[in-house]
Amino acid sequence: MLERVQDAGDMTLGDWLDGQGTSPALAGILHHFADAADEIAARLRHAHLHGEQQAAGQINVQGEEQKQLDIIAHDIAVEHFSTLPQVAALVSEEVPDLIVPERAGPAAPFILCFDPLDGSSNLEVNGAVGSILSVLERPLPYGACDEAEVLASVPNQRAAAYVLYGPATLMVLTLGETVASFSLDEATGTFHLVESDLSIPETANEFSINMAHQRFFTAPVAAYVEECLAGETGPRGKPFNMRWAAAMVADVHRLFVRGGIFIYPALDKPGGAKGKLRFLYEAHPMAMLVEAAGGRAISGNKPLRDHRPEGLHARVPVALGSREEVERLAGHY
Ligand code: AHG
Ligand code: MN
Ligand code: MN
């Protein structure tokens, strides 16, 4: 058997959370996210044996076709989160309304927003997919835990994490100060620390955008991409590479390793003004992670985390990644 290589000894997610002085209530949520991810990872590995990578024959609140695994991952996440009395409500990509678990106490402080399976169009090609979680704290005094209260909780973001189901199952997590990564040991269902202080390189030469939308780019995005494409002959004076994994989790994970920029912009076409990605469970958690790692996250030319969504499933244009790249894009507005 291979020995595990660790930069901080054999530290589990639980050890790391203890070391950060995480409150038991918040740590419990992150443990349940890890347990849900362990279960989802196992279902993904066997999905093709049961045809679960295929369409479920339903359309979700986004008007997108659900895969069987979208629903399975949603059910697993809801099951794990619903047992926690500190959780007042859940927002999932896969259902239109707020979920209020029976166990939730009236003074439960936390609201969880999650994308159970991100990049699920990759399922049929056995490509990378992920799960995303944002932990919000309800503002005091507690009212009825309804949509308005969820939206009022946006400034109180307490944690963000994603799990990337690739050749390895990796979790990347922040409580706001630093970003740590963990790898799942499938034999025990335990996440072990891989890196305790991830940072996004300030400069980079990779950009990530769906170029099939080029004809709909607004002027600032078109100008930024044009400069990248011009490479060493343009104002950037260096060649750029382009990557698009079609799963935000996989594209953002690459930022933590190699730097660069991920853009899902507003598109100049009917229905395109807000781009595609959803604020509460895609853009907002990724922005917290990227900023905690020294990167930047914007929507248009404004800080993404200052944005206030108009609904649980509201979309928002997103650009995030290396400081220099995001500032350069912002400069084109
Ligand atoms: P989801 O599968 O949760 O609906 O998310 C898919 C999102 C995001 O992960 C990815 O960046 C983007 O959609 C890909 O969009 P394109 O269809 O433009 O490639
Ligand atoms: Mn998604
Ligand atoms: Mn999804």
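As the structure lists them, so they are numbered: ligands from 1, and atoms in each ligand from 1. A quick note: this is a predicted structure, and the numbers were derived from the prediction, not measured. Side chains included, hydrogens not; waters and symmetry mates left out as well; all remaining heavy atoms used.
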Report yes or no: does Asp70 have a heavy atom closer than 4.0 Å to ligand 1?
no
Return yes when Met211 approaches ligand 1 closer than 4.0 angstrom through a heavy atom, no otherwise.
no
Taking the six-membered ring for Trp, are the ring centroids of Phe81 and His32 within less than 6.0 Å of each other?
no
From the N, O or S atoms in Asp115, identify the one nearest to the Mn ion (ligand 3).
OD1
Any side-chain donor near an acceptor of the partner, [X] and [Y], under 3.5 Å:
| X | Y | value |
| --- | --- | --- |
| Glu325 | Tyr224 | yes |
| Glu186 | Thr169 | no |
| Gln66 | Glu94 | yes |
| Ser92 | His74 | yes |

Nearest neighbour in protein (non-hydrogen) for [atom]:
| atom | value |
| --- | --- |
| atom 9 (O) of ligand 1 | Asp118 OD1, 2.6 Å |
| atom 12 (C) of ligand 1 | Lys276 NZ, 3.8 Å |
| atom 18 (O) of ligand 1 | Tyr264 OH, 2.6 Å |

Atom name of the N, O or S atom of Asp118 nearest to the Mn ion (ligand 2) is OD1
Which part of [X] is near ligand 1, with near meaning a heavy atom under 4.0 Å away: side chain, backbone, both or neither?
| X | value |
| --- | --- |
| Ala247 | backbone |
| Leu117 | backbone |
| His213 | side chain |

Is the shortest N/O to N/O distance between Met248 and ligand 1 below 3.5 Å?
yes
Tell me whether Ser121 has any N or O atom under 3.5 angstrom from an N or O of ligand 1.
no
For Glu64, the atoms of ligand 1 under 4.0 Å from one of its heavy atoms are 4 (O)
Lys67 with Asp70: basic N within carboxylate O range, under 4.0 Å:
no
Let me check your reading of the structure: within less than 2.8 Å of the Mn ion (ligand 3), is there an N/O/S atom from Ala73?
no
So, is Glu93 placed with an N/O/S atom under 2.8 Å from the Mn ion (ligand 2), counting both backbone and side chain?
no
